[in-house]
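See structure below.
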Amino acid sequence: MSALPILFAAESQPDLPLHEQLTRTLRRAILAGHLPLDSRLPATRVLAQDLQVSRSTVELAFSRLEAEGYLRRQVGVGSFVAIAAQPSKPRPRKTAAGLSQRGQLIVAAGSCRDATTPFTAFTAGQPDPTAFPRELWGKLTQQRWKKDGERLMRYGDSQGLPELREAIAGYLAQSRGVACDAAQILVLTSSQQALQLIAQLLIDPNDTVWLEEPGYLGARNAMRSAGAKIIPVPVDHDGINTDLSSTLLPPKLIYTTPSHQYPLGVTMSLPRRMALLEQANQHNAWIIEDDYDSEFSYDQRPLPALQGLDQHGRVIYVGTFSKVLFPSLRIAYLVLPPDLMPAFANARAAFDGHTPQLAQAVTADFMTQGHFAAHIRQMRLLYRSRRDLLVDCLQPLASVIRPVNVNGGLQFAVEIEAERESQWTAAGQAQGLALRPLSQFYYDKVEKNGWLLGYAALSNIQISTAVDTLKKCLRSVDSV
Ligand SMILES: Cc1ncc(COP(=O)(O)O)c(C=O)c1O
């Protein structure tokens, strides 16, 4: 550990924020085996003193590495290295672990692991599995298995089961204004797989990618793993703001979450949508539209997808069943401009063949028999009531915790003062609250501090108890 200040100073990259520099130093030290598996890192306060940076810088770097899977943090115990690297003995191979340059990029980019504990307040991005019609799903599974088991046991179409592609195309046309037919749908296991496929097939090292700032780590990691040059583009109250785009390197690809910006929850306005499409067209760039939770819009009808406005085949639409059904289903899809499909279907076949056929068939039946629409309606009501409750419970703290854009989704962001973020986060986490700092979602300069608070998987009592716990924590560190 005593080498950390030296490594940190030696690898100084003044053009990057300090937390990003520290994240990189620690990541490299872990990958190089300087920090072995299970070794304990110094407390954030101690490391901050050693490195002569603020504690929140260290806190940010640690939280980021935890989210990426490099560190394991245990409240009251400490932070430990969570992955093993090969010790770097001199060998003929290029890297300690013998990874290709691509492999090193993938590992260095990190992964984006979702929490496996939906009922810990305030874990974000989790639907409520207890509200899912499991019995009905079981019945549909049995029926399909009986009727069609043999076909579904064979290898399947790498583009996806035809009846599921038909069902998805019908749903998207009707509910999301997406202009497509079943031939443009590629069924995958996750949005993450979609982002990786896009990165591998469309991005060369040093290609420029515009990403929303703050934005989704899964998209950033996928693009970095292909060697992209990341350009963070700020998000304002109308969505991604490309007004200053003439000062930016022209993009090869733009990633955006127009329906419900991740993590700030803004809906991209129509003029912005038109401007973005125009810019993509000018630069001959692709737009990835990640529509991950647009089904949950509580106060107004959701705007139709950007894809439906696209006249030039620039938009690649990404959808997932992780939020609207359940995450372990592992079914998501891409809507591709027709000329991209052969390459994408081919790559899917090359990487892993296809998504399990039985799950695809049951999902198709769930959709075509009307259960999907009914489930969305019910979950919209349930999650909206939980959203209302969380907003009400937070009301007494309105002077210090300000919700932003609570109009939809499974979570909303709240803003708190910058100086309070790391201390309040640590205090809440010590009481078992899953508080995800907003600063983690910035690539460059942090503009908003606060948390992303998930509520959809929490019962009413869990929501009010968690807010009480939060209030006590805040009172204990600050007389709020
Ligand atoms: C913006 C965004 N896109 C996609 C996903 C994940 O979807 P999947 O489980 O299909 O990878 C998430 C999950 O939190 C998300 O926040």
Side-chain angles (χ1 to χ4, degrees), residues 67-69 109-118 120 122-129 132 160 164 168 176 185-199 209 211-223 225 235 239-240 254-268 287-297 302 305-307 316-335 348 351-352 355-356 359-360 363 383 405 408-413 434 436 438 440-443 451-457:
E68 292 175 0
S111 58
C112 181
R113 295 186 196 170
D114 286 295
T116 50
T117 52
T120 307
F122 297 95
T123 304
Q126 308 279 334
D128 187 350
F132 188 77
L164 179 59
I168 292 172
R176 300 295 304 119
I185 310 277
L186 177 66
V187 178
L188 298 167
T189 48
S190 61
S191 311
Q192 199 55 49
Q193 186 182 40
L195 294 168
Q196 277 295 349
L197 264 183
I198 293 169
V209 172
L211 293 182
E212 292 171 337
E213 174 82 329
Y216 180 49
L217 282 176
R220 188 196 301 169
N221 294 344
M223 297 305 144
S225 76
V235 169
I240 186 169
I254 305 165
Y255 168 85
T256 179
T257 46
S259 301
H260 187 232
Q261 201 274 332
Y262 190 92
L264 296 180
V266 191
T267 301
M268 193 189 291
I287 297 179
I288 304 180
E289 175 176 25
D290 183 348
D291 211 20
Y292 65 107
D293 71 356
S294 60
E295 292 83 4
F296 303 120
S297 181
L306 188 62
Q307 194 270 8
I316 299 173
Y317 178 96
V318 182
T320 179
F321 289 105
S322 287
K323 313 295 173 189
V324 75
L325 294 179
F326 53 98
S328 78
L329 180 61
R330 299 284 81 197
I331 301 187
Y333 48 88
L334 273 173
V335 181
R348 177 76 207 279
F351 285 146
D352 70 334
T355 304
Q360 292 191 65
T363 306
Y383 298 160
N405 307 312
L410 308 178
Q411 67 259 328
F412 59 72
R436 185 122 193 240
L438 278 187
Q440 273 187 10
F441 299 101
Y442 285 85
Y443 183 69
W451 299 304
L452 189 58
L453 301 182
Y455 52 79

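Note: hydrogens, waters and symmetry copies are ignored here, and every other heavy atom, side chains too, is used. Just so you know, ligand 1 is whichever comes first in the structure, and atom 1 is the first atom listed for that ligand. Since we're looking at a predicted model, the values are computed, not measured. Position 1 is the first residue of the sequence, and the numbers go up from there.
In terms of protein heavy-atom proximity, atom 13 (C) of ligand 1 is nearest to Lys323 NZ, 2.9 Å. The nearest protein atom to atom 7 (O) of ligand 1, hydrogens excluded, is given as Ser191 OG, 3.2 Å; this is a heavy-atom distance. In terms of protein heavy-atom proximity, atom 5 (C) of ligand 1 is closest to Tyr216 OH, 3.3 Å. The nearest heavy-atom contact from the protein to atom 3 (N) of ligand 1 is Asp290 OD2, 2.7 Å.
Close to ligand 1: Ser190, with a non-hydrogen atom less than 4.0 angstrom away.
Side-chain contact, Arg348 with Thr189: no donor N or O sits under 3.5 Å from an acceptor N or O.
When non-hydrogen atoms are compared, ligand 1 lies under 4.0 Å from neither the backbone nor the side chain of Tyr333. Only side-chain heavy atoms of Ser322 come within less than 4.0 Å of ligand 1; its backbone N, CA, C and O stay farther off.
Between Thr320 and ligand 1, at least one N/O pair is under 3.5 Å apart.
Taking the side chain as every heavy atom from C-beta outward, Glu212 and Val266 never approach each other to under 4.5 Å. Looking at Leu197 and Leu186, their side chains come closer than 4.5 Å, going by heavy atoms from C-beta outward. With a 4.5 Å cut-off on side-chain heavy atoms, Arg176 and Gln307 do not count as touching. You'll find the side chain of Tyr292 stays beyond 4.5 Å of the side chain of Ser259, heavy atoms only. Contact check for Gln192 versus Tyr216: side-chain heavy atoms found under the 4.5 Å cut-off.
Atoms of ligand 1 lying under 4.0 Å from any heavy atom of Arg330, numbered from 1 in the order shown and given with element: 8 (P), 9 (O). Listed by number with element, the atoms of ligand 1 under 4.0 Å from a non-hydrogen atom of Gln192 are 11 (O). Each of the following atoms of ligand 1 lies closer than 4.0 Å to a heavy atom of Tyr255: 1 (C).
By the 30° and 60° cut-offs, the orientation of the rings of Phe412 relative to Tyr455 is tilted.
Distance CE/Met223 to CG/Leu195: 5.5 Å, rounded to 0.5 Å.
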